[in-house]
Amino acid sequence: MVKNDDDKSTDDTGDDELDVPDPEEENILDTSGPLSVSEGLRAKFEWAVIIGSVPFWLLVFWYSRTQMMDRGRYAVLFLGGILLLYLLIELPDTIEEKNWLETGLLTASGLIITVTTVYLAVLYHDVVYTRAGQAYDYELALALAITLVLIYLTWRSFGMTFLIVVLGGIGYGFAGPYLSGTLSHGGLTVGRTLRILAVGGDGFYGFLTQLVAAWIALFLLYAGLLKAYGAFDLILRIAVRSAKYIDSGIAQTAVLASAVIGSVNGSQTANAGMTGSFTIPLMKKSGIKPETAGGIESVASTSGQVLPPVMGAGAFIMASLINGVTYGDVILAGLIPAVILVVSIFIAVHYVAAPQIEDPSMGGIFDDKLDQKDLILESIKYGVPLLILIYQLGIVQVTVMTAALQTAVSMIALGILVPLVDAQLEGDDLGAALTHTLKQTLEGFRQGVLVVAPIAIILAAINGVVDILMATGVPTAISLTLMDLSGGVPIIAFVLAMIICIILGLGMPTTASYTVVALLIAPTLISQFFIPDLAAHFFVFYAAILAGLTPPIATCVAVATGIAGGDFWRTCIEAIKISAPLFVLPFAFVYHPAMVSGEFTTAALLAGGIALLGSIAIIHGINYQFSFGRGPTMGLRAVFALAGVVAMVHPEQMLQLGALALILVLYALQTTLGRSEPTGTVSGTSGGE
């Protein structure tokens, strides 16, 4: 169902009792006791999703283990299966609302998906290879039908904004002869367009869908299993425990939890909804304003998308798009920017949250501490699969598909075995414990489907649009247009490129937004301005995720605002103030590409260190509560921020160092003339007001 911002809850959660949602609240399986399902039609559909998810994930496991099938044919089966499961998820809503038009459209979509999937899977070799570039009339009719289905499902999943993107991309293929200038082209016929979209082995079933089917799906299943097995509770406990030593601890808890979950989630907007339902009420209960709480959650969910080793699944796409670059190279290249981002956000959150928090000790939150045995078992349960992922990818350097399979399988194995060990140690019923964990595993399969389905839909649609644009030569047109508008001046071209990335990334998950800009914008930076491949791709990757924080759309902020019950525009301002270095960091990549080279040379570490200090200066200037009058305060803010920008991005190192020297002088003057600490202190130390 299409989700509108107006539908978000705006209930005030600042009552005396903190109402933190239960992480298992949406599960059809009650994993805390005997099997419990809601009665009625919805329960039947939910069970259908659970039952259908089992063969679906077994197919994914089988292919990842054996690869005994053409990847294109496998992509057809994968996309068909996930679309049918998505329809089962959506149908209960339309039936309960008695929306018979939507119900009929979903049912018809199911029939079309089934026919198309069976036809293409059975005759894949003949359609794609034997008759390459040709199609029968009834195949074109089938292609038109599945195209309409994908357009309809993308609208249901992501709303009107993305629908315009899809229709605009397809329409551009027809409109070429009627355009002028660099964006004009010869135009595509209807037949060729349909062959590209659905019956040529590319389009909806092309590169991106194959990547989701072979790589990304298993990582998203891993995220679903983490949720079903209760990892979120442990992450929150660790975050709360680690954040109790500073006055902004409860806000830092939100940052840590959201970033960790977001790194494997694949969508900053979805992550804001999932983790925000826990973290925002916690922050509001402690006294943090709704707008500040929403801004913190928005930035935390966004920052998770760039954290290694998963990087919101964007790392896998980047590794597959850049020739000669492995997944390990991408992860190493992302470490320095991740450190810069995490440190600057940590400081910004402390500045904005500490003065508002009424109970820094976070009393009453997880007072029932885990004993040592439970902590060890839980750490093994969730830590070993992550260590397997890092070890297999970083040291053994197996394929991403193999590492993803081993990670998911080990999570299932430990998710079942560790509770059995715990039951044995406690003398509990092993049969009941086994039943409990099997229910959790089935729920994990369902959660995996819930995460994978919208991402598979949008990437399939994006794949079709990108192939249409590639056939028209639009990357070359964009390159010429950027050069023309910028006059060949790099900084102007980079600013224009960032604006285009933000526009193209509106409303999309990380994987989709990055793919679009990587194929359309990155080649221009590489070919016209001679930016190294990794630097160009990291530029567009970071720029694309800014769409979730940039008004007037700011989908990530919109979700957080709905949960917090604050004002959208003020929440946007809070988010931008906290994440300000994120808007500058991409420019540091193109002016100092050593920072994202994947090699920790002196040049890379020096560039990263200077950028880190510059980002801290920006945060300090924007968010620190100076004790001077309005005029001096505004002047200090501007100088700190501008000096920080110069330190981060200026190509001349001497000017960067000069900017840092100015920052240090200003900081010394500020601490000498102003209050020592107006924003909260490290717990246990004496602080100012």
Side-chain angles (χ1 to χ4, degrees), residues 3-11 13 20-21 23 26 157-159 161-162 220 223 227 232 235-236 239 251-284 288-307 310-314 341 345 349 353 447 450-451 454-455 458 505-513 544-576 578-579 582:
K3 308 295 189 299
N4 297 317
D5 295 336
D6 293 338
D7 295 332
K8 309 272 189 307
S9 170
T10 57
D11 294 341
T13 55
V20 180
E26 297 179 356
S157 300
F158 295 94
T161 300
F162 186 66
L220 297 180
K227 182 177 181 182
F232 192 83
I235 292 171
L236 272 180
Q252 304 296 352
T253 294
V255 173
L256 179 58
S258 297
V260 171
I261 296 295
S263 67
V264 295
N265 188 284
S267 170
Q268 64 198 102
T269 302
N271 189 61
M274 182 171 69
T275 62
S277 62
F278 293 81
T279 59
I280 290 175
L282 284 173
M283 287 187 281
K284 289 181 63 180
I288 296 177
K289 298 175 183 177
E291 290 79 11
T292 304
I296 290 172
E297 175 57 41
S298 301
V299 175
S301 293
T302 299
S303 66
Q305 303 300 298
V306 300
L307 294 184
V310 181
M311 293 170 60
L341 191 63
I345 290 175
V349 168
Q447 291 293 336
L450 293 176
V451 176
I455 290 179
I458 195 172
L506 291 175
M508 298 189 199
T510 300
T511 46
S513 59
I545 66 171
L546 292 175
L549 300 176
T550 307
I553 304 298
T555 52
C556 189
V557 176
V559 171
T561 300
I563 298 172
D567 178 79
F568 172 75
W569 288 99
R570 287 200 294 269
T571 305
C572 283
I573 292 172
E574 290 293 320
I576 292 173
I578 296 168
S579 64
L582 182 56

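- For the atom pair CD (Glu297) and CD1 (Ile288), the distance works out to 11.5 Å, reported to the nearest 0.5 Å.
- The nearest pair of heavy atoms linking Gly295 to Ile578 is C-CD1, 4.2 Å.
- Expressed to the nearest 0.5 Å, how far CG of Leu546 lies from OG of Ser579 amounts to 7.5 Å.
- Note that CD1 of Ile458 and OG of Ser513 are 8.0 Å apart. Values are rounded to the nearest 0.5 Å.
- Atom OG1 of Thr571 is separated from atom CG of Leu549 by 12.0 Å, given to the nearest 0.5 angstrom.
- The minimum heavy-atom distance between Val557 and Ala575, with the atom names listed, is CG2-CB, 4.2 Å.
- The two residues Ile563 and Gly276 make their nearest non-hydrogen contact at CG2-O, 3.7 Å.
- Between the OG1 atom of Thr292 and the NZ atom of Lys284 there is a distance of 11.5 Å, given to the nearest 0.5 Å.
- Across Ala272 and Val559, no two heavy atoms sit closer than the pair C-CG1, 4.0 Å.
- Note that CD1 of Ile455 and OG of Ser157 are 11.0 Å apart. Values are rounded to the nearest 0.5 Å.
- Here the shortest heavy-atom pairing between Ile280 and Ala293 reads CG1-O, 4.1 Å.
- Taking all atoms of both residues into account, the shortest heavy-atom contact from Pro290 to Gly565 is CB-C, 4.3 Å.
- Using a 4.5 Å heavy-atom cutoff, the side chains of Pro551 and Ile576 are in contact.
- At distances below 3.5 Å, at least one donor-acceptor pair connects side-chain atoms of Glu291 with backbone N or O atoms of Asp567.
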